[in-house]
4 protein chains.
Amino acid sequence: MSLREKKTAKKKADILRSAVEVIAEKGYHATTMEDIAAKLLMTKGSVYYYFKDKQDLLYQSYKMLLEQSNKMITEIINMNLPIKEKLEKVMKSHIVFIISERSSYGLKVKPEHYFEGEQLEIIFGLQENYANSFDQLIEEGIQAKIFSEVDVKIVRNLIIGAMNWVIQWYSTEGKKSAEEMAEIISEYLMKILIRS
Amino acid sequence: MSLREKKTAKKKADILRSAVEVIAEKGYHATTMEDIAAKLLMTKGSVYYYFKDKQDLLYQSYKMLLEQSNKMITEIINMNLPIKEKLEKVMKSHIVFIISERSSYGLKVKPEHYFEGEQLEIIFGLQENYANSFDQLIEEGIQAKIFSEVDVKIVRNLIIGAMNWVIQWYSTEGKKSAEEMAEIISEYLMKILIRS
Amino acid sequence: MSLREKKTAKKKADILRSAVEVIAEKGYHATTMEDIAAKLLMTKGSVYYYFKDKQDLLYQSYKMLLEQSNKMITEIINMNLPIKEKLEKVMKSHIVFIISERSSYGLKVKPEHYFEGEQLEIIFGLQENYANSFDQLIEEGIQAKIFSEVDVKIVRNLIIGAMNWVIQWYSTEGKKSAEEMAEIISEYLMKILIRS
Amino acid sequence: MSLREKKTAKKKADILRSAVEVIAEKGYHATTMEDIAAKLLMTKGSVYYYFKDKQDLLYQSYKMLLEQSNKMITEIINMNLPIKEKLEKVMKSHIVFIISERSSYGLKVKPEHYFEGEQLEIIFGLQENYANSFDQLIEEGIQAKIFSEVDVKIVRNLIIGAMNWVIQWYSTEGKKSAEEMAEIISEYLMKILIRS
DNA sequence: CATGAATGAGGCTTCATTCAT
DNA sequence: TATGAATGAAGCCTCATTCAT
């Protein structure tokens with residue numbers, strides 16, 4: 001990658017990060033290209049040099065978020081840890097990620113409304129991959145007789161829902177840090193799974 | 001209330017219900033007045049006969065949802081039932097309500113972004129009331145030594161989050177009815193609270 | 001005229017008066033049918049029983065004002081008074097009329113923009129009649145060697161302009177009554193005409 | 001000021017001038033953004049690039065007119081001329097200005113209906129400044145025993161009213177040029193003041 | 001590359017007008 | 001007669017997008 005390419009890539013990443021933040025805060029439709037550009041002291045026009053259109057920006061932001069989540073969960077799955085600790089680690093990472101990025105917006109949205117064709121397939125694929133990884137961990141725990149025999153998909157959805165909701169109520173001004181909160185939450189959620 | 005007044009009230013309620021559905025489906029900003037009106041075979045203009053503006057429509061829809069939720073939870077609280085059953089009943093009602101209204105959108109939104117002044121206070125008040133009622137049930141269970149000694153607010157938020165998320169994944173075309181699903185979910189979520 | 005017809009006529013007159021007031025205050029386009037009706041505790045719908053449309057209301061109001069002005073000036077012309085006193089009387093009446101009706105709006109407007117065809121001709125006719133009457137008085141004064149030999153049309157326009165403008169600055173809360181103010185103004189304006 | 005800034009300033013001025021003309025012709029409410037833009041072969045959208053909204057356009061047009069008037073009257077006041085000639089010059093300039101700009105609409109309007117807050121204060125300030133300058137000239141003439149001892153404010157209002165009214169009746173297609181007409185009018189109006 | 005400017009489609013809102021009751 | 005409701009045209013305004021410089 002040449003210097004120029006690197007610069008371009010960096011700029012693209014900057015814009016994506018800015019977009020993620022603003023869209024997460026205000027929602028896709030309420031966010032204007034102006035908003036995204038202004039945050040980077042750019043003009044609207046410049047953003048169009050790097051991204052085809054607003055929809056493209058949304059797609060790439062969302063994709064980036066999902067890829068990061070998938071990367072994270074894959075790494076943890078491949079660690080050499082007891083299943084319970086693995087799942088806890090995933091939950092904690094998920095929560096900290098949501099809080100730090102102040103988003104998960106991608107996850108709150110019905111992708112069918114925003115994407116179509118190939119884009120939609122890719123997004124679905126990434127979401128499915130994450131869900132499957134999650135399910136895999138739950139199933140592993142069940143087989144190890146550490147988790148009780150729950151309906152995997154339902155429980156996965158409950159846990160993800162509870163976690164994604166955190167952004168609605170967690171305040172960075174409160175007493176607990178994101179890590180502490182993630183610790184507490186994952187412990188509570190684990191109760192749904194642990195055999196009693 | 002005269003016949004005419006009743007008709008007007010009904011129409012208003014119809015519009016609110018339509019608005020709730022569409023906004024829940026597409027989000028506030030992506031929803032047009034046209035969408036809301038078309039669903040009722042009305043014209044945009046007519047909607048303005050009943051509601052001041054789009055914002056007013058959002059406010060009244062949201063308020064209606066919250067009031068219904070509060071009514072529901074209050075009724076259950078006043079029933080003569082064991083605490084565990086009360087909380088389960090609340091959860092089941094919450095889930096069935098969300099699925100049937102195809103919304104909870106109100107609940108997924110940061111009210112500060114959409115309301116201000118007196119409206120915001122009223123909305124906050126209603127939300128707080130619901131949260132407090134929920135907390136009250138949890139605390140009662142803790143005192144009765146039936147629930148374990150959790151952080152009430154955090155657990156409440158987790159449970160509500162998990163439930164509100166249902167709309168993201170539950171499909172009315174699946175095998176389970178809303179009631180069955182609510183039954184299963186409340187059982188799982190109860191595990192967070194029950195002493196082991 | 002039957003009782004019913006009388007009632008109708010009265011109602012029409014009421015509406016016209018209301019319309020005159022509101023339109024004078026806010027201007028034709030800024031005035032809504034609602035405004036006019038509300039002032040009489042009526043509904044918009046009712047107004048349409050008496051007047052074809054908004055334009056008709058404007059036309060008839062304007063016509064009424066002009067007819068009243070013409071009636072007034074004709075009456076004064078036919079009085080047995082010295083010419084100077086006649087013209088003063090006309091000016092005072094004009095001013096008091098404007099202040100009391102809080103209008104003259106008709107007069108501030110270019111009729112070509114609001115009327116066409118027969119309506120426009122009638123309005124022009126009434127305006128012309130008023131102007132001619134005014135001119136007639138001025139000419140009479142000139143012939144009597146009491147007024148100096150001015151360009152009649154120009155002076156008439158200046159005087160009418162100065163008078164119509166009164167509504168812009170006269171405050172009913174000030175010290176002087178409409179009549180006192182009319183007295184003072186007509187004295188000043190007379191100076192344009194009086195031989196020195 | 002860079003070239004680009006100059007261009008922008010020019011465009012803004014163009015739009016203001018266009019707005020002044022159309023609003024003077026049809027009135028604020030009857031004027032559409034389309035009208036204003038079309039006159040300059042622009043699209044509505046472009047106008048919004050330069051002005052926040054229609055109200056802003058009105059405010060800035062009106063302000064510009066008043067500022068020009070104030071500049072004019074101040075310059076004349078500072079000239080070294082007999083008081084009578086000064087006042088005549090002011091009147092003639094006022095009239096020519098009104099005719100050439102085809103407006104004075106600003107001056108025919110009650111600012112309270114269109115502006116509020118700071119805008120209203122600024123407009124009132126500019127109007128007051130003009131009125132005060134006018135009064136100052138009249139008072140100077142009175143003290144010099146050249147004008148008779150009139151009520152300054154009333155006479156000022158009469159003169160301004162008579163002048164602003166000119167736009168209602170002066171036709172550019174008539175025999176007299178704007179300058180000639182201004183000459184004649186100022187002579188007539190001066191009679192209100194001159195001692196006899 | 002970046003930006004100021006321009007555009008046009010689309011959404012919100014108002015309001016004159018109509019009409020069934 | 002009177003009115004509550006409904007309608008649709010028209011006007012304001014925003015904003016994604018394009019383009020010349």
Side-chain angles (χ1 to χ4, degrees), chain A residues 4 7-8 11 28-37 40-58, chain B residues 2-5 7-8 11-12 15 28-37 40-57, chain C residues 4 7-8 11 28-37 40-58, chain D residues 2-5 7-8 11-12 15 28-37 40-57:
Chain A
R4 167 161 294 169
K7 260 193 165 176
T8 295
K11 203 98 192 196
Y28 178 66
H29 283 100
T31 300
T32 68
M33 293 301 270
E34 190 76 40
D35 290 336
I36 294 167
L40 296 164
L41 306 178
M42 281 181 176
T43 56
K44 274 188 290 183
S46 301
V47 176
Y48 278 88
Y49 182 80
Y50 297 96
F51 295 92
K52 204 173 119 302
D53 54 27
K54 192 185 175 190
Q55 206 274 343
D56 186 34
L57 207 42
L58 177 70
Chain B
S2 75
L3 179 63
R4 177 154 274 170
E5 277 168 336
K7 261 194 170 173
T8 294
K11 199 98 194 195
K12 268 196 168 190
I15 298 174
Y28 177 66
H29 284 102
T31 300
T32 69
M33 292 301 271
E34 190 75 39
D35 291 336
I36 294 168
L40 296 164
L41 304 179
M42 280 184 178
T43 58
K44 268 182 299 180
S46 304
V47 177
Y48 279 91
Y49 184 79
Y50 295 94
F51 296 92
K52 207 173 111 323
D53 54 25
K54 195 183 174 190
Q55 215 276 141
D56 187 34
L57 206 43
Chain C
R4 168 160 293 169
K7 261 193 165 176
T8 294
K11 203 98 192 197
Y28 178 65
H29 282 101
T31 300
T32 69
M33 293 302 268
E34 190 75 40
D35 291 335
I36 295 167
L40 297 163
L41 305 178
M42 282 181 174
T43 56
K44 274 188 292 184
S46 302
V47 176
Y48 278 88
Y49 182 80
Y50 296 96
F51 295 92
K52 203 174 120 300
D53 54 25
K54 192 186 175 189
Q55 207 274 342
D56 186 35
L57 206 42
L58 177 70
Chain D
S2 75
L3 180 63
R4 177 154 274 170
E5 277 167 336
K7 262 193 169 174
T8 294
K11 199 99 194 193
K12 268 196 168 189
I15 298 174
Y28 178 66
H29 284 102
T31 300
T32 68
M33 292 303 271
E34 190 74 40
D35 291 335
I36 295 167
L40 296 165
L41 305 179
M42 281 183 178
T43 58
K44 267 183 299 180
S46 304
V47 177
Y48 280 92
Y49 184 79
Y50 295 95
F51 296 92
K52 207 174 112 319
D53 53 26
K54 195 184 173 188
Q55 216 277 139
D56 187 34
L57 205 43

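All chains are named by letter (A, B, ...) in the order of the sequence lines, taking the proteins before the strands, and each is independently numbered beginning at 1.
Here Lys44(A) pairs with Glu34(A) under the salt bridge (charged side-chain N to carboxylate O under 4.0 Å, His left out) rule; sequence neighbours left out. Under the salt bridge (charged side-chain N to carboxylate O under 4.0 Å, His left out) criterion, Lys11(B) pairs with no residue at all, not counting sequence neighbours. Shown here are the side-chain contact (heavy atoms from CB on, under 4.5 Å) partners of Gln55(B), two or more places apart in sequence or in another chain: Tyr28(B), Asp53(B), Phe115(B), Gln119(B). In this structure Ser46(D) satisfies the side chain to side chain donor-acceptor pair (under 3.5 Å) test together with Thr43(D), sequence neighbours excluded. Residues meeting the side chain to side chain donor-acceptor pair (under 3.5 Å) test with Thr32(B), sequence neighbours left out: Asp35(B). Taking the side-chain contact (heavy atoms from CB on, under 4.5 Å) definition, one finds that Lys12(B) meets it with Tyr50(B), Phe51(B), sequence neighbours left out.
Closest contact between the side chain of Met33(B) and the listed nucleotides dC12(E), dA16(E), dT14(F) involves dC12(E). Closest to the side chain of Asp53(B), from the set dA16(E), dT14(F), dT13(E), is dT13(E).
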If you restrict it to nitrogen or oxygen atoms, what contacts under 3.5 Å exist between nucleotides 2-5 of chain F and the protein, and what is each distance?
unit_1	atom_1	unit_2	atom_2	d
dA2(F)	OP2	Tyr50(C)	OH	2.7
dT3(F)	OP2	Thr43(C)	OG1	3.3
dT3(F)	OP2	Ser46(C)	OG	2.6
dG4(F)	O4'	Arg4(B)	NH1	3.2
dA5(F)	OP1	Thr8(B)	OG1	2.1
dA5(F)	OP2	Tyr49(B)	OH	2.9

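Taking each heavy atom of Val47(C) and Met33(C) in turn, the nearest pair found is CG1-CE, 3.9 Å.
Spacing between atom NZ of Lys54(B) and atom C1' of dT13(E) amounts to 12 Å, rounded to whole angstrom units. Atom CG of Leu57(C) is separated from atom C1' of dA16(E) by 12 Å (rounded to the nearest Å). In this structure, Phe51(D) places its CZ atom 12 Å from P of dA6(E), rounding to the nearest Å.
Within 4.0 Å of Thr31(D), counting heavy atoms only, lie sugar-phosphate atoms of the nucleic acid but no base atom.
Note that the OH atom of Tyr48(D) and the CD1 atom of Ile15(D) stand 11.5 Å from one another [nearest 0.5 Å].
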Q. What pattern of brackets, bars and dots sums up DNA chain F from 5' to 3', given Watson-Crick or G-U wobble pairs under 3.5 Å, [ ] for crossing pairs and | for another strand?
A. .||||||||||||||||||||
